[in-house]
Amino acid sequence: MRKKTWLLLTAGLVWWLSLNAQNVTSPNGKLTAEVRGKSLVVKFDGQQVMELTDMPIAVEPKGELLRFSRMVAADYWMVAGKRRHCTNVACEYVADMKAGSQLILRLYNDGVAFRYENMGVIGVDHPAEQTVYRIPEGMRRWMQQWTDSYEGFFPQSNTYKVLPVRSYSGISKSADGWNNRWGYPALLEPVEGVFVLITEANIEKGQSASWMMNNGERFYVKQGERMSEEQADDGRSQWHSPWRVAIVGHLKDVVESTLVTDVSEPNKLADASWVKPGVVSWIYWAYNHGSNDYEIVKKYVDLAVALSLPYVLIDAEWDEMGQKSAANGNVNDVKTIVDAIAYAKEKGVKPLIWYNSSVGWIDGAPGPKFRLNKEADREREFAWCEQMGVAGVKIDFFSGDSQLNMDYCIDLLECAARHHLLVNFHGATIPRGWQRTYPNLLTTEGVYGAEWYNNVATFTAKAACHNATLPYTRNVVGSMDYTPCTFSDSQHPHITTHAHELALTVLFESGLLHLADRPESYLSQPAEVRQLLSNLPTVWDETKFVSGYPGESAVMARRSGSTWYVAGINGTDDKKWLATPLDYISTGEVTLFSDGEPWNIVQHEALPQRVECLPRGGFVIVAKEKGLK
């Protein structure tokens, strides 16, 4: 009934817009767009929130500058993400541009998407990227300096005048020394309480991804390197750019938006029933080189058994496992990856294994290397994985946003799908909608995550604030392999509470959720905590923003079936009460995991309206629902 009603409303909007073609607006009327000279201005509730400058719109357009084209409506299902069932509707407009191309502009209720098209105009070259965002000085922002792995902080600022972080790759700075290269997504607060999240979506074969470079207040979209004419099918007579996306609204609108997948190509897999999200035991955080040691791998398989986790990841250097076994004196019983896979399968745990993409970090990097680059080698390797009973692959160390990398990633996803392999991209660019097109892509790194406790001391003091920023930035655009929930310490200590760490398993969405801590750490936790980890969903029917502000706190509620998981974290160094208005949940049984020494686990009859958190603390509420309101 709800779907039929939604379709009738959509049909009504099409009729209304056909009579009111001059209304350049979103279906609900909250978002509007207008052309002012060479600028495209977007408003939310009548207030200007975004400006695209220097638009090469035709000087003498025929008719209106922005002409109503059609109504766009989508109804689709996701394998993983914020919600399984996604619907959206948009008003699409067209504007003529120079050089024979057009601007296609869509106004959704939760944002704006636009791209450039050159459809069927023979002999017209690909136009240069034409997007320039004006981000005025003084506007509050959370922006990440670009790095090819997208592993950086999103510090709050109100200026572009920040120094480059020299540890990042791809450093770029202006003549006066400021960083001037920025990665997606970029979160802005142009009006108090109203936010804009800038990113892009739907990278296809033959396209590169992009980033932003600024000259003062002008932020120019720059595309990654394209292949030469000899390497690529140019497609000059029929071409379009990726979608440029700006999610617009209150924090609730931004956090809950599925706009990145809304504008991406539908599922290309004929059958995705074999794609199963789940929780994974993960070795690297505690044992950097543990995956070359059969006995350590066994410990993580046994952890998966103890916690009823479906997956174990055998990470880098598994190709050296036999050498490690022999070096330990086991010359008569050398154990290899074949034995490790067999042990996992025998215990009912599905193994995932790691590969070096061999296009980024190669010299001095771990292996296995050069097994996936050529089509024939890739087919052979993935066929071997399927034959051995490997459930998926983690592919690491890509080299940025070039067309070469984008095409390679798509080739990997398509080949993996043919061999029923799940995919986790690491050391890679952020999600740009492939999770809808290729649902076997269940997670992507592209985040400054918990593994950095293993690398540098910087993360310790900044993690809580960073964690409270990610739900509003990186995790909005797709599954995020942060590898959360570490109660013990890695090479560098953490100063977040146990409840904060537990909250990250719910707060951070990932189709493959890798638990990073040591087996003995998890198994020493209270029975209630172990039970929560055993029951933890990675597929959500519904996601709702509850309360918070970037860098300060974040509270979110996610529903799986009839159970709600509500998680909140304090990103500050002071005690803080976090609001939990959850009137839409009609509960029966409520369990609260909050800050204590180290735990405070309490059964409640009703949901709390707020929860007190220690500095860098957090909480999780598990609520069994009587019935959906």
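Just so we're clear, the structure is a prediction, and the values are computed from it rather than from any experiment. Starting from 1, each residue takes its place in the sequence as its number.
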Can you check whether [X] reaches [Y] side chain to side chain, under 4.5 Å on heavy atoms?
X: V72; Y: R106; value: yes
X: L188; Y: I135; value: yes
X: I247; Y: V476; value: yes
X: F68; Y: E92; value: no
X: W142; Y: L197; value: no
X: E217; Y: T53; value: no
X: L422; Y: V275; value: yes
X: N158; Y: E137; value: no

State yes or no: are the ring centers of [X] and [Y] separated by less than 6.0 Å?
X: W146; Y: W211; answer: yes
X: Y438; Y: W434; answer: no
X: Y133; Y: Y220; answer: no
X: W354; Y: F397; answer: yes
X: H250; Y: F44; answer: yes

Side chains of [X] and [Y], donor plus acceptor under 3.5 Å:
X: S210; Y: Y184; value: yes
X: Y76; Y: T261; value: yes
X: N180; Y: S172; value: yes
X: T87; Y: D75; value: no
X: N118; Y: H240; value: no
X: D262; Y: N88; value: yes
X: S510; Y: S479; value: no
X: D401; Y: Y150; value: yes
X: Y116; Y: T131; value: yes

May I ask you to establish whether R84 and W540 are in a cation-pi arrangement, using a distance under 6.0 Å from NZ or CZ to the six-membered ring centre and at most 45° from the ring axis? no
Honestly, is R418 close enough over F382, meaning NZ or CZ under 6.0 Å from the six-membered ring centre and within 45° of the axis? no
Looking at [X] and [Y], would you say the former's side chain and the latter's main chain have a donor-acceptor pair under 3.5 Å?
X: R141; Y: Q156; value: no
X: Y93; Y: T25; value: yes
X: Q144; Y: G152; value: yes
X: T473; Y: T469; value: yes
X: S399; Y: V359; value: yes
X: R134; Y: V132; value: no

Checking Y448 against F459 for the ring pair (Phe, Tyr, Trp, His ring centres under 6.0 Å) test, could you report, in this order, the C-alpha distance in whole Å, the side-chain angles of both residues, the deciding distance, and whether it holds? CA-CA 9 Å; Y448 205 45; F459 205 59; 5.4 Å; yes
Qualifying residue, where the test is side-chain contact (heavy atoms from CB on, under 4.5 Å) with L31 and the options are D110, D45, V248: V248
Residue of the set L413, I410, T437 for which side-chain contact (heavy atoms from CB on, under 4.5 Å) holds with K268: T437
Regarding [X] and [Y], does a basic nitrogen lie under 4.0 Å from an acidic carboxylate oxygen?
X: K161; Y: D176; value: no
X: K82; Y: E542; value: no
X: D96; Y: R67; value: yes

Kindly compute the distance separating [atom1] ([X]) from [atom2] ([Y]), expressed to the nearest 0.5 Å.
X: N373; Y: N356; atom1: CG; atom2: CG; result: 8.5 Å
X: S69; Y: L105; atom1: OG; atom2: CG; result: 10.5 Å
X: L412; Y: I395; atom1: CG; atom2: CD1; result: 4.5 Å

Hits for side-chain contact (heavy atoms from CB on, under 4.5 Å) against S402, two or more places apart or cross-chain, chain-then-number order -> E225, L404, N405
For residues 188-210, which residue pairs qualify under salt bridge (charged side-chain N to carboxylate O under 4.0 Å, His left out), counting only residues two or more places apart or in two chains? R140-E189, E200-R244, E200-R432, K205-D411
For V245 and V112, what are the C-alpha separation, side-chain angles and deciding distance, and is it a side chain to side chain contact (heavy atoms under 4.5 Å, CB included)? CA-CA 6 Å; V245 174; V112 176; over 6 Å; no
Yes or no on side chain to side chain contact (heavy atoms under 4.5 Å, CB included) for L504 and N467, after CA distance, side-chain angles and deciding distance? CA-CA 8 Å; L504 301 183; N467 294 344; 3.8 Å; yes
Non-hydrogen atoms of N202 and S264 that approach each other most closely: OD1-CA, 3.4 Å
Residue pair T543, R558: steps toward the side-chain hydrogen bond (donor to acceptor under 3.5 Å, both in side chains) verdict: CA-CA 4 Å; T543 291; R558 302 189 193 271; 3.0 Å; yes
Can you confirm whether K252 is buried at NZ, in the sense that more than 12 heavy atoms of other residues, nucleotides or ligands lie under 6.0 Å from that atom? yes
